[in-house]
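This report concerns only the one structure given below.
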Amino acid sequence: MTLTLLHLRPDVGGLARAATRRGLLPPGGDPGYALHAALAALFGAAAPRPFVLREAHDGPELLGYTATPPGEIETLASLPPTGDGADLARSLRPESVAARLMPAVWAPDQRLGFTVRVRPVVRTRPEGRNGPHREHDAFAHLRRSATDAEPMPRRDDIYRDWLARILVRDGAAVLESAALIAYRGTRVLRRPVAGEGRRPAVIEGPDATLAGVLAVKNPEVFSRLLARGVGRHCGFGFGMLLLAPPGRPAC
């Protein structure tokens with residue numbers, strides 16, 4: 001699978017102003033929905049998913065994975081933004097784009113350091129299989145179901161187990177170690193599933209960053225996991241596995 005790592009230096013203030021005018025940024029909330037819209041305005045179907053916005057030593061940076069080759073990404077970024085989302089696209093500072101290919105082949109049992117920002121949630125359907133689903137913080141959900149006779153679970157352990165289950169699914173990778181290095185609750189915008197014409201709704205939930213070491217088991221499945229992202233909300237700033245040799249900071 002061909003996977004391109006994309007890098008941008010967005011104008012976060014400009015993005016916030018453009019997104020606020022359009023109602024794409026909840027007060028005091030996460031910019032993931034606004035970034036999703038801005039990336040779609042700039043790159044169209046080639047927009048990265050997953051992606052992450054983070055603070056680097058020299059300012060904000062956006063990293064993302066896309067199946068589009070680097071040359072095509074750079075060509076798209078060089079075109080003047082047009083249309084209804086032009087202001088959002090310009091806030092990404094397209095002139096700052098850089099893109100490079102990720103490794104084409106991963107080795108079985110290859111050990112990799114990682115950092116990943118995730119939305120560790122579980123889904124339930126209180127009204128049955130055909131009813132609407134609800135998302136719950138994996139930690140809070142388990143605490144509610146714990147009995148008085150059981151030891152109270154720790155947030156670190158719950159999120160680590162949640163991540164381990166996703167990595168091992170379909171044999172992609174095995175989690176060797178992980179630590180919760182950041183946590184907060186965030187308010188995000190999401191469009192309700194029932195009714196694409198409805199305005200985005202504000203949803204509160206967990207926002208966790210974990211770092212550790214994993215071992216690749218099935219290289220092909222692992223590549224698909226990178227391209228898909230870890231967990232839910234991968235099109236809105238969560239789920240991007242940043243990788244590096246063990247012992248080095250994930251890029």
Side-chain angles (χ1 to χ4, degrees), residues 1-19 21-22 24-25 30-107 110 112-118 209 216 219-230 233-245 248-251:
M1 174 181 290
T2 300
L3 199 62
T4 297
L5 174 64
L6 174 151
H7 182 272
L8 286 164
R9 292 287 188 179
D11 172 8
V12 174
L15 174 73
R17 291 188 291 272
R21 287 195 297 269
R22 296 166 177 270
L24 301 179
L25 189 66
D30 181 77
Y33 197 96
L35 286 166
H36 173 87
L39 289 165
L42 180 59
F43 295 111
R49 171 196 171 101
F51 66 85
V52 65
L53 176 70
R54 66 179 188 176
E55 190 67 31
H57 69 278
D58 51 354
E61 64 178 2
L62 185 143
L63 301 168
Y65 292 138
T66 175
T68 304
E72 293 183 32
I73 285 293
E74 291 165 355
T75 297
L76 288 170
S78 70
L79 301 175
T82 60
D84 184 53
D87 55 344
L88 289 169
R90 283 192 295 270
S91 74
L92 293 176
R93 297 185 61 240
E95 68 278 7
S96 70
V97 72
R100 63 178 174 85
L101 286 175
M102 292 289 287
V105 178
W106 304 98
Q110 180 177 357
L112 296 165
F114 73 87
T115 301
V116 63
R117 180 193 181 209
V118 290
T209 301
V216 176
E220 184 178 346
V221 176
F222 183 69
S223 293
R224 291 201 296 267
L225 176 66
L226 288 182
R228 182 177 67 248
V230 174
H233 303 272
C234 291
F236 301 92
F238 294 90
M240 182 179 181
L241 274 168
L242 298 171
L243 303 172
R248 295 187 189 176
C251 64

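Heavy-atom basis, side chains included; hydrogens, waters and symmetry copies ignored. The structure presented is a predicted model; accordingly, all values stated were derived computationally and were not measured. Numbers for residues simply follow the sequence, beginning at 1.
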Evaluate the criterion side chain to side chain contact (heavy atoms under 4.5 Å, CB included) for residue pair W106 and L226; output intermediate values, then yes/no.
-> CA-CA 11 Å; W106 304 98; L226 288 182; 3.7 Å; yes
Looking at OG1 of T4 and CD1 of I73, how far apart are the two atoms once the value is rounded to the nearest 0.5 Å?
-> 6.5 Å
From the list L112, V216, T115, side-chain contact (heavy atoms from CB on, under 4.5 Å) partner of L243 resolves to L112
Heavy-atom distance under 4.5 Å between the side chains of P60 and V12, does that happen here?
-> yes
Side chain to side chain contact (heavy atoms under 4.5 Å, CB included) between L62 and R93: does it pass, once the steps are laid out?
-> CA-CA 11 Å; L62 185 143; R93 297 185 61 240; over 6 Å; no
For D84, check side-chain contact (heavy atoms from CB on, under 4.5 Å) against everything at least two apart and list the hits.
-> R22
Per the side-chain contact (heavy atoms from CB on, under 4.5 Å) rule, which among V230, V52, V116 passes with M240?
-> V52
Supply the atom-to-atom distance L88 CG to H36 NE2, rounded to the nearest 0.5 angstrom.
-> 11.5 Å
So does D58 pair up with R9, basic N to acidic O under 4.0 Å?
-> yes
Can you check whether P48 reaches L39 side chain to side chain, under 4.5 Å on heavy atoms?
-> yes
Look only at the side chain of Y65 and the backbone of L241, and say whether a donor-acceptor pair between them is shorter than 3.5 Å.
-> yes
Using the side-chain contact (heavy atoms from CB on, under 4.5 Å) rule, pick out the option among L53, L8, L242 that qualifies with L63.
-> L242
Could you check if a side-chain atom of F43 sits within less than 4.5 angstrom of a side-chain atom of L6, using non-hydrogen atoms only?
-> yes
Distance in Å, L3 CG paired with R100 CZ, rounded so as to fall on 0.5 Å steps | 10.5 Å
What's the verdict on side chain to side chain contact (heavy atoms under 4.5 Å, CB included) for L76 and L42, showing C-alpha distance, side-chain angles and the deciding distance?
-> CA-CA 7 Å; L76 288 170; L42 180 59; over 6 Å; no
In terms of the angle between their ring planes, are H233 and F238 parallel, tilted or perpendicular, with boundaries placed at 30° and 60°?
-> perpendicular
